[in-house]
Amino acid sequence: MLSYIPNPLIIPVGLIVGMLIAAPVGPVNVLCIQRAIERGFWGGIAAGIGSVMGDGLIALCAGLGVGTVSGVVQTHRAIIQLIGGLALIAFGLRLYFSAPRLKMTPDDAAKARLRDFAWDIPQTFFLTITNPGAVLGLFAVFGGVTTFVEVHSTIDVLLMVSSIICGSMLWWITLSNFISRYRHRIDLHVLQVVNRVAGMLLAIFGGVLIAEVILKAGHF
């Protein structure tokens with residue numbers, strides 16, 4: 001009977017890991033922050049959900065011991081990385097050249113719902129799962145953490161994955177709420193700068209991924 005009782009340390013450790021995974025500024029994070037500035041709280045949440053779903057899927061595969069996923073990523077890393085890099089460049093250029101506009105006024109933001117920005121969810125999900133470095137890194141982090149807190153049963157794994165998802169989501173809720181409180185102090189000129197900086201960062205991230213593929217190909 002005791003084997004069905006999960007390790008109580010899993011929840012706090014999972015929450016911390018989830019927040020640490022979500023916090024670093026990477027390509028998906030840049031896009032999520034830009035969405036929160038442009039579209040308000042629910043815009044940031046929608047983009048964050050896509051990222052969280054991607055991280056959750058990767059963590060679930062790692063926790064269930066689906067080594068095939070890691071093997072496939074390693075085998076086809078160049079193709080996956082190339083697709084992810086091209087997608088980042090496309091997103092970056094589109095954002096850079098898009099006309100800046102605050103899509104939600106304070107009154108509109110109060111009436112907005114998650115469904116109004118649902119299309120952002122699959123976009124950030126796709127960008128998350130096509131970053132092979134992030135995929136393999138999360139596999140490594142999950143493996144190290146689950147050894148530390150002694151995750152053995154399937155219940156333990158599911159609880160760890162759920163805690164990681166909750167930790168990441170908590171980060172995006174907090175960040176989106178913070179940004180939404182001050183976003184309307186930003187005028188269109190500042191938003192244009194934000195869009196261009198975010199667009200350049202996304203394109204640079206994509207260019208680095210593609211350059212790495214080309215450089216590695218040149219060694220063979």
Side-chain angles (χ1 to χ4, degrees), residues 1-37 40-71 73-74 113-114 117-118 120-183 205:
M1 183 67 179
L2 291 177
S3 62
Y4 292 97
I5 301 176
N7 186 341
L9 289 176
I10 289 176
I11 295 177
V13 171
L15 289 173
I16 293 172
V17 170
M19 287 187 284
L20 292 177
I21 289 173
V25 178
V28 177
N29 306 65
V30 169
L31 184 60
C32 292
I33 292 171
Q34 186 276 333
R35 290 293 192 257
I37 294 174
F41 176 77
W42 288 113
I45 291 297
I49 287 176
S51 174
V52 170
M53 289 174 60
D55 289 336
L57 177 61
I58 297 167
L60 181 62
C61 292
L64 295 179
V66 187
T68 304
V69 175
S70 180
V73 173
Q74 287 280 23
R113 296 293 182 268
L114 181 61
F117 310 105
D120 283 333
I121 296 176
Q123 293 182 52
T124 50
F125 175 80
F126 174 78
L127 290 178
T128 300
I129 63 173
T130 54
N131 185 342
V135 173
L136 296 175
L138 188 51
F139 262 77
V141 169
F142 193 94
V145 170
T146 52
T147 301
F148 172 72
V149 294
E150 298 183 353
V151 175
H152 299 300
S153 68
T154 301
I155 294 177
D156 288 344
V157 170
L158 295 177
L159 183 60
M160 174 62 79
V161 172
S162 300
S163 299
I164 290 175
I165 290 174
C166 289
S168 296
M169 202 65 240
L170 179 61
W171 167 263
W172 287 116
I173 291 173
T174 303
L175 184 62
S176 297
N177 181 60
F178 176 80
I179 292 175
S180 67
R181 289 178 180 271
Y182 299 100
R183 61 185 289 269
F205 280 124

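Hydrogens, waters and symmetry mates play no part in the numbers below; they use all other heavy atoms, side chains included.
In terms of heavy-atom proximity, A46 sits nearest to F117 at CB-O, 3.3 Å. Between M160 and G14, the closest heavy-atom pair is SD-CA, 3.7 Å. Residue G43 comes nearest to R35 through the heavy atom pair O-CB, 3.8 Å, listed as atom of the first residue, atom of the second, then distance.
In this structure, I11 and L159 have side chains that are in contact, with non-hydrogen atoms separated by less than 4.5 Å. I179 is listed as a side-chain neighbour of I33, based on a closest heavy-atom distance under 4.5 Å. When side chains are defined from C-beta on, V52 does not count as touching I164, because their heavy atoms never get closer than 4.5 Å. Counting only heavy atoms from C-beta outward, the side chains of I45 and M169 approach each other to under 4.5 Å.
L31 CG to Q123 CD: the interatomic distance, rounded to the nearest 0.5 Å, is 7.0 Å. To the nearest 0.5 Å, atom CG of residue D120 and atom CD1 of residue I49 are 10.5 Å apart. Note that the CG atom of L60 and the OG atom of S162 stand 9.0 Å from one another [nearest 0.5 Å].
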Exercise for review: Might you work through the side-chain contact (heavy atoms from CB on, under 4.5 Å) test for F125 and L57, ending with a clear yes or no?
Suggested key: CA-CA 10 Å; F125 175 80; L57 177 61; 3.9 Å; yes
Point to revise | Intermediate values then yes/no, side-chain contact (heavy atoms from CB on, under 4.5 Å), C32 and T124 | key: CA-CA 8 Å; C32 292; T124 50; 4.2 Å; yes
Check your understanding: Under the side-chain contact (heavy atoms from CB on, under 4.5 Å) criterion, do L15 and L170 qualify, and how do the steps go?
Key -> CA-CA 9 Å; L15 289 173; L170 179 61; 5.6 Å; no
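Listed for the S176 side chain is no donor-acceptor partner under 3.5 Å among the backbone atoms of I173.
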